[in-house]
Amino acid sequence: MARVYNFSAGPSVLPESVLNRAAAEMLDYQGSGQSVMEMSHRSKVYDAIIKECEALLREVMNIPDNYKVLFLQGGASSQFAMIPLNLLNKSGKADFVLTGQWATKAYKEAARYGEAKAIASSKDKTFSYIPSLDEADFTKDADYFHICMNNTIYGTRFTTLPQTGDVPLVADISSCILSEPIDVSKFGVMYAGAQKNMGPAGLTVVIIREDLIGNAQEITPTMFNYATHSENDSMFNTPPCYAIYVCKMVLEWLRDDIGGLENMKAINEKKAAVLYDFLDSSKLFSATVEKKDRSLMNIPFVTGNEELDAKFVKEAAAAGFVNLKGHRSVGGMRASIYNAMPVEGVEKLVAFMKEFEANN
Ligand SMILES: *Cc1c(COP(=O)(O)O)cnc(C)c1O
């Protein structure tokens, strides 16, 4: 069967070269006579894989030395609790910008462990924009300030960061990690589920400034304490071994085939422009997000007619463009065009949309 163009929001498309290599190494990883899935995480051969994965992530993202990289499980969703448990340790207060479902979940979970304040929200217009922020509203003595950098469901992203001063900025970067360069030093914590831009589901990456580790609340479960994982180089218990191995290959692809994050950004901007330009000129389809806040990764769009939306999703799937149905809370369609989606995939989708428009 031919491979489809997969526009899934996550788990999502992976580079074909990575999948081929995983297949080639499935039964015998580099002469070990075993699959990476089968080997002990304490073995020398696996130790080299996890160390190389971290080194590559540090290189590709240019992560400063005073940040720890943790390879965890539990998804980005576990971080909604892990962050307040570890960071709410002085004033017990944190600020949140409610830009969608994930940001709201982070806010609600934090409220269980301290005082969570919603600084701004874009719920009034189905989260179709990033609200403007007034620094006067920020909690001066907050233990952290949380944003969801790219809103996977609604297709918005922060293009400028809130100026939080000494208050650590914490960002959910699940759906934009590795899509373009990010200045890590501007953040206290960044976290991401791997299944959008890094590899298979099961791996969660946390990048955390060292001084924020070690003062978790008393009630924090051992497995939810960053110190546990930091002190053990992400080997306190069995890490998500295979997902880390695939992530390592994705990072090699990013560095060696793409040429790093500046190049990745240029490709992603090109892909997004192909789709947005069409949406802005189409008489049938339209984008749902305010221009200034549009995501490079997740692009929701509608025809304005639910039946026609459903027809489009069905016909697109039959033509090999799959997972285009929008999130249930937005309706319509959403094309997630993560790193591994080739430019050609977006161009062919637009050609298909033009044809659909002409026929309907
Ligand atoms: C997918 C996603 C999540 C949820 O991730 P899990 O790994 O399923 O817990 C959280 N935040 C954002 C921005 C996401 O895109």
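Just so you know, ligand 1 is whichever comes first in the structure, and atom 1 is the first atom listed for that ligand. As a basis for the values below, the full set of heavy atoms in this structure was taken, side chains included, without hydrogen atoms, waters or symmetry mates.
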Asker: Could you list which atoms of ligand 1 come closer than 4.0 Å to a heavy atom of Ser77?
Answerer: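 Counting from 1, the qualifying ligand atoms are 4 (C), 6 (P), 9 (O).
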Asker: What atoms in ligand 1 come closer than 4.0 Å to a heavy atom of Cys148?
Answerer: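 Atoms satisfying the 4.0 Å criterion: 13 (C).
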Asker: Just to verify, what does Lys140 make a salt bridge (charged side-chain N to carboxylate O under 4.0 Å, His left out) with, not counting sequence neighbours?
Answerer: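 Once residues adjacent in sequence are excluded, Lys140 has no partner under the salt bridge (charged side-chain N to carboxylate O under 4.0 Å, His left out) criterion.
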Asker: Can you say whether the rings of Tyr245 and Tyr29 are parallel (under 30°), tilted (30 to 60°) or perpendicular (over 60°)?
Answerer: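 Plane angle over 60°, so perpendicular.
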Asker: Which one holds for Ala9 and ligand 1: side chain close, backbone close, both close, or neither close, with close meaning a heavy atom under 4.0 Å?
Answerer: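 For Ala9, no heavy atom sits under 4.0 Å from ligand 1.
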Asker: Could you walk me through whether Tyr154 and Ser329 pass side chain to side chain donor-acceptor pair (under 3.5 Å), step by step?
Answerer: CA-CA 9 Å; Tyr154 304 95; Ser329 66; 3.3 Å; yes
Asker: Using the six-membered ring wherever Trp is involved, compare the ring planes of His146 and Tyr191 and label them parallel, tilted or perpendicular (cut-offs 30° and 60°).
Answerer: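 Aromatic pair His146/Tyr191 classed tilted.
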Asker: Does the N or O separation between Gly74 and ligand 1 drop below 3.5 Å for any pair?
Answerer: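 No; every N/O pair is 3.5 Å or more apart.
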Asker: Among all protein heavy atoms in this structure, tell me which lies nearest to atom 5 (O) of ligand 1, with the distance rounded to 0.1 Å.
Answerer: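 Result for atom 5 (O) of ligand 1: Ala76 CB, 3.5 Å.
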Asker: Looking only at protein heavy atoms, which one is nearest to atom 14 (C) of ligand 1, and how far off is it?
Answerer: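 For this ligand atom, the closest protein heavy atom is Lys196 NZ, 2.9 Å.
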Asker: Do the rings of Tyr5 and Phe7 sit parallel, tilted or perpendicular, given the 30° and 60° boundaries?
Answerer: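 Ring orientation, 0 to 90° scale: tilted.
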Asker: Tell me: protein heavy atom nearest atom 11 (N) of ligand 1, and distance?
Answerer: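 That would be Asp172 OD2, 2.6 Å.
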Asker: Salt bridge or not for Lys90 and Asp141, using N-O below 4.0 Å?
Answerer: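 Looking at Asp141 together with Lys90, the answer is no, because their closest N to O distance does not fall below 4.0 Å.
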Asker: Does ligand 1 have an atom that lies less than 4.0 angstrom from a heavy atom of Met149?
Answerer: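 For ligand 1, residue contact (heavy atoms, under 4.0 Å) with Met149 is absent.
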Asker: Any chance the side chains of Thr156 and Asn151 put a donor and an acceptor closer than 3.5 Å?
Answerer: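 Yes.
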Asker: Of all the heavy atoms in Gly10, does at least one lie under 4.0 Å from an atom in ligand 1?
Answerer: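 No, that is not the case, since the closest heavy atom of the residue is not under 4.0 Å from the ligand.
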Asker: Kindly confirm or rule out an N or O of Asn150 lying under 3.5 angstrom from an N or O of ligand 1.
Answerer: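 In fact, backbone or side chain, Asn150 has no N or O that close.
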Asker: For Thr152, take its heavy atoms, then give the atoms of ligand 1 lying under 4.0 Å from any of them.
Answerer: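 Here the atoms of ligand 1 in question are 12 (C), 13 (C), 14 (C), 15 (O).
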Asker: List the closest protein heavy-atom neighbour of atom 8 (O) of ligand 1: residue, atom name, distance to the nearest 0.1 Å.
Answerer: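 The answer is Gln195 NE2, 3.4 Å.
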Asker: Take Ser295 and Asn150 through the test side chain to side chain donor-acceptor pair (under 3.5 Å) and record every step on the way to the result.
Answerer: CA-CA 7 Å; Ser295 168; Asn150 183 77; 2.7 Å; yes
